Amino acid sequence: MRYQRVLVAVDLTEEAEEVLGAARDFLASAGAGVSVDVLTVVRPLARVYGGLDMAPMAASALAFEDEAVKQTTGQLKTLVADFGIDAERAHVRVGSPSMEIKAFAAEQDTQLIIMGTHGRQGLGLLLGSTANAVLHGVPCDVLAISIKSMEVS
């Protein structure tokens, strides 16, 4: 199958470069005409600190999330530039990573999602929770890149 719309989902940890490198290598054989978007998701402050009542801090929480999105956008644009991807193809969303990846893929008619898996022992070696959640419920192919730098020996 020839892929024309590809989404690379990264989380801006040290694995992002490994995933983008693997995506670049995989897509090199695809030839011209492949549209590549890169997405990362910032978790909402209320989700990170799930047990806290955020209402008294609503304005501060929104300002914090806005700043997180701004900084994440800058980091992502720098990262994608290092891989020859146009900064306009770098996207940041706020929400649940698996839900936002699936929503973005549906909106863009993505044919392939490329993302990393966290290398661990046992069942965790197969897929991380985000990769597993994305894999179930998307109408397109998913290429899971095993992250070598995270594997435990």
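Please read these numbers as outputs of a predicted model, since none were measured by experiment.
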Could you state the interatomic distance from [atom1] ([X]) to [atom2] ([Y]), rounded to the nearest 0.5 Å?
{"X": "Leu76", "Y": "Leu20", "atom1": "CG", "atom2": "CG", "answer": "8.0 Å"}
{"X": "Asp37", "Y": "Gln108", "atom1": "CG", "atom2": "CD", "answer": "5.5 Å"}
{"X": "Leu112", "Y": "Arg5", "atom1": "CG", "atom2": "CZ", "answer": "12.0 Å"}
{"X": "Gln111", "Y": "Arg2", "atom1": "CD", "atom2": "CZ", "answer": "9.5 Å"}
{"X": "Leu7", "Y": "Ile101", "atom1": "CG", "atom2": "CD1", "answer": "7.0 Å"}
{"X": "Thr72", "Y": "Glu67", "atom1": "OG1", "atom2": "CD", "answer": "9.5 Å"}

Worked verdict on Leu27 versus Val6 for side chain to side chain contact (heavy atoms under 4.5 Å, CB included) = CA-CA 9 Å; Leu27 295 171; Val6 176; 3.9 Å; yes
What heavy-atom pair brings [X] and [Y] nearest, and what distance separates the two atoms?
{"X": "Val42", "Y": "Ala68", "answer": "CG1-CB, 4.1 Å"}
{"X": "Thr117", "Y": "Ile147", "answer": "O-CG1, 2.7 Å"}
{"X": "Glu65", "Y": "Val94", "answer": "OE1-CG1, 4.2 Å"}
{"X": "Cys140", "Y": "Thr110", "answer": "CB-O, 3.3 Å"}
{"X": "Lys77", "Y": "Ala87", "answer": "CE-O, 3.7 Å"}
{"X": "Ala16", "Y": "Leu79", "answer": "CB-CD2, 3.7 Å"}

Which residue pairs pass the ring pair (Phe, Tyr, Trp, His ring centres under 6.0 Å) test when at least one of the two sits in residues 91-116, sequence neighbours left out?
-> His91-Phe104
I want to check something: taking the side chain as every heavy atom from C-beta on, are [X] and [Y] in contact at a cut-off of under 4.5 Å?
{"X": "Val38", "Y": "Ile85", "answer": "yes"}
{"X": "Ser35", "Y": "Gln4", "answer": "no"}
{"X": "Met115", "Y": "Thr130", "answer": "yes"}
{"X": "Phe26", "Y": "Ile145", "answer": "no"}

Is it the case that Arg93 and Thr40 place a side-chain donor and acceptor less than 3.5 Å from each other?
-> no
Any side-chain donor paired with an acceptor under 3.5 Å for Gln71 and Gln75?
-> no
Are Met99 and Val138 co-members of a hydrophobic cluster defined by side-chain heavy atoms under 4.5 Å apart?
-> no
Does CD belonging to Glu17 count more than 12 external heavy atoms closer than 6.0 Å?
-> no
Hey, mind stepping through Ile113 and Val134 against side chain to side chain contact (heavy atoms under 4.5 Å, CB included) and telling me if it holds?
-> CA-CA 9 Å; Ile113 299 171; Val134 168; 4.0 Å; yes
